[in-house]
There are 2 protein chains.
Amino acid sequence: MTTATDAATDTAAILDGDRARTEILDAAAKAFMRKGYAAASIDDVAEVLGCTKGRIYHHYRSKADLFFDVHKRGMAMDLAAVRGCAKEGQAPLDRLFDMAVAHLLVIMNELAYQRVAVQGLEMHLAGQTTPEQRSTLREILALRDEYEGLFAAEIARAVEAGAIPAQEVGLVVKPFLGALNWTTIWYRQRRNQSQAERRRIAEQIARFALRGLGTTP
Amino acid sequence: MTTATDAATDTAAILDGDRARTEILDAAAKAFMRKGYAAASIDDVAEVLGCTKGRIYHHYRSKADLFFDVHKRGMAMDLAAVRGCAKEGQAPLDRLFDMAVAHLLVIMNELAYQRVAVQGLEMHLAGQTTPEQRSTLREILALRDEYEGLFAAEIARAVEAGAIPAQEVGLVVKPFLGALNWTTIWYRQRRNQSQAERRRIAEQIARFALRGLGTTP
DNA sequence: GCATTCAACGTACTCGGTAGTATGTTTGTC
DNA sequence: GACAAACATACTACCGAGTACGTTGAATGC
C-alpha cells in the first residue's frame, strides 16, 4: 500500500495539519471569548494569531465552521476529563465529586474554549441557512445532552443507593451543572496561580454542588 | 413654576414617553434574547415592534444605549423582587430562601430581560468608544456587584448565626448564584404553565442552593 | 541539478448588511 | 394656523465575511 516513508510523511502532514488547525482554534477561542462570536471578526482571530485571513480560510470554510470546531473541541475536553476520572467500584457520590472537580479544572485551565461552549447555541440556530450547519448544530446539542446525561445518570444511581433523598433528577441536574458552569462567567485566570490552588477552588465548588443534592457531611 | 395643566401634561408626556420606551425595551429584550446583542439588528427590534427604525432612534440614541437600558431594567426587576420579599425578624436562611425564590420567579416570568442581563458585559467593554458608555457599563457592573452583595451578606449572617458551617462567603456565593442564574440558560417559557408550577420549580432549585451552603434539612 | 507541483499562506478586492442620519409626514395641542 | 412630538422613508458610510488571485518554499519526479 504505502511505503514506510510515505506513512511517515503522511502522519507528519496530518499532525502538522492538526497543529495548524489547533493553533487557529486557540486563537479563535480567545477572540470569541473576548468579544463574543458575533462581534469578533475573522480579522480579530487573525490578529491574535499574528497573520491574515488567508491562513484561516485556508483551513476553515466559514466563520461558523470555525465556531463549531471550537465548541466541539471544548466539549471533547470535558467529556475526556469526566470520563477519564472514573474509577472501578467507586460509590456514586465519590464518582460525582471527582467528575465535578474534573469538569471545573477543565473550565479553569481552558477558560477560552469553555466560555465559547457556554455561549448560546440556540441563538445561532436561527440564522443558519446551510442544512449542513444545522446538522452540525444538532450534533453539538446531542453531545451536550449526552454530557448532561453522564451527571444525571450518576445522580440517579446515588438516589437508588440511598445516598441522597429521592428527587427529580432531570430538574436538580440543572442547578447542579449551573453551579459548576457558572465558573465560566466569573472566573478569571491569574498567572502564577498554582494547580493546587485551582484544585482547592474546584473542590469547594464541587462540595457545594454535592451538598445541594442532599448529602449529609 | 408650572401651572397645574403644565404639570399634568408633563407627567402625561413622561408616562407616555416611558410607556413608549418600555414597549421598545420589551421588543429589544426579545430580539436580543433570540439572536444575541451583536447579531440582532435594530431592524430586528423594529420588526418585533411592527414599526421602523425611526421610532427606536427617536427614543434611543444608539444600539448600545438600548442594550444598557434593557440590562438596567432587568437588574431593577431583580433588585425590586429580592428587596421586596424581605420580612422583619426573619432567620437568615428563611430570608435567603425567599430571596432565591423571588429571583427565580423573576427569571422565569421575565426571561427575555434576564437572559440579556446574563449575556456578557465585559465583552462589550472592549469595543466601546464613548466615555459615557464606558461609564454606564461601570454603573451596571456596580449594580451587579451590589446584587451579589445582597446574597453574600445574608450568607454571612447565616454563618454568624451558626445556621451553616463556616466557609468562604466570597467563593460560595458564586455557585449559589450560578445554580439560580443557570435557569436563564435552560428554562423555556411554556404557555399554560401556571404560576404555581413555576413556584414549585423555583422552590426546588432554591432548596438545592440552600443545601449547597450546608443546611441540614 | 532542475523544472514541476502543490500546500500554505498573503494581498487585494467584492458585496451584502447594518448603524446611524437627514428629511419628510402625520397628528394632536395651544 | 403655528408648532412640535412621534413617527416613517430614503439615504449614506462603513465594516466584515467571503473570494480570486498572487507568492513562496519545499517536496517530488526525472
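Atoms considered below: every heavy atom in the structure, side chains included; atoms not considered: hydrogens, waters and symmetry mates.
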Asker: Quick check: any donor-acceptor pair below 3.5 Å linking the side-chain of B/Lys63 to the base of C/dG20?
Answerer: no
Asker: Is there a donor-acceptor pair closer than 3.5 Å between any side-chain N or O of A/Glu23 and the backbone N or O of A/Leu49?
Answerer: no
Asker: Once you round it to whole Å, what is the distance between C1' of C/dC9 and OH of A/Tyr60?
Answerer: 16 Å
Asker: Report yes or no: is the cationic atom of A/Arg21 (NZ for Lys, CZ for Arg) under 6.0 Å from the centre of the six-membered ring of A/Tyr60, at an angle within 45° of the ring normal?
Answerer: yes
Asker: For the pair made of CG in A/Leu66 and P in D/dG16, what is the distance, rounded to whole Å?
Answerer: 16 Å
Asker: Rounded to the nearest angstrom, tell me the gap between atom CZ in B/Arg21 and atom C1' in D/dC7.
Answerer: 16 Å
Asker: Among C/dA19, D/dC7, D/dA8, which nucleotide sits nearest the side chain of B/Thr52?
Answerer: D/dA8
Asker: Tell me whether the side-chain N/O atoms of B/His58 come closer than 4.0 Å to OP1 or OP2 in D/dA6.
Answerer: yes
Asker: Got a donor-acceptor contact below 3.5 angstrom from the A/Lys87 side chain to the A/Arg95 backbone?
Answerer: no
Asker: Side-chain donor or acceptor of A/Lys53 under 3.5 Å from a matching atom on the base of D/dA17?
Answerer: yes
Asker: What is the separation between atom CD1 on A/Ile56 and atom P on C/dC9, rounded to the nearest whole Å?
Answerer: 11 Å
Asker: So A/Trp182 and B/Trp182, would you call those rings parallel, tilted or perpendicular, with 30° and 60° as cut-offs?
Answerer: perpendicular
Asker: Name the atoms and distances for all side-chain donor-acceptor pairs under 3.5 Å in residues 109-117 of chain B, with sequence neighbours left out.
Answerer:
unit_1	atom_1	unit_2	atom_2	d
B/Asn109	OD1	B/Gln195	NE2	2.8
B/Asn109	OD1	B/Arg198	NH1	2.6
B/Asn109	ND2	B/Leu105	O	3.1
B/Tyr113	OH	B/Asp26	N	3.1
B/Tyr113	OH	B/Asp26	OD1	2.4
B/Tyr113	OH	B/Arg73	NE	3.3
B/Gln114	NE2	B/Gly74	O	3.1
B/Arg115	NH1	B/Thr184	O	3.2

Asker: Could you list by number each residue of residues 36-43 of chain A showing a heavy-atom separation from DNA chain D of less than 4.0 Å, or answer none if no residue does?
Answerer: A/Ala40, A/Ser41, A/Ile42
Asker: Classify the ring geometry between B/Tyr37 and B/Phe67 as parallel (under 30°), tilted (30 to 60°) or perpendicular (over 60°).
Answerer: tilted
Asker: Within this structure, what is the OH-to-P distance between A/Tyr57 and D/dC21, rounded to whole angstrom?
Answerer: 18 Å
Asker: On the nucleotide D/dC7, are OP1 or OP2 found under 4.0 Å from the side-chain N or O atoms that B/His59 carries?
Answerer: yes
Asker: What nucleotide among C/dG10, C/dG20, D/dG18 has an atom nearest to a side-chain atom of A/Arg55?
Answerer: C/dG10
Asker: Of all the choices, D/dA17, D/dC7, C/dA19, which nucleotide is nearest to the side chain of B/Ala20 once you look at every atom?
Answerer: D/dC7
Asker: Donor-acceptor pair, A/Ser135 side chain versus A/Pro131 backbone, under 3.5 Å?
Answerer: no
Asker: Please report the distance, rounded to the nearest Å, between CZ in A/Phe67 and P in D/dA17.
Answerer: 14 Å
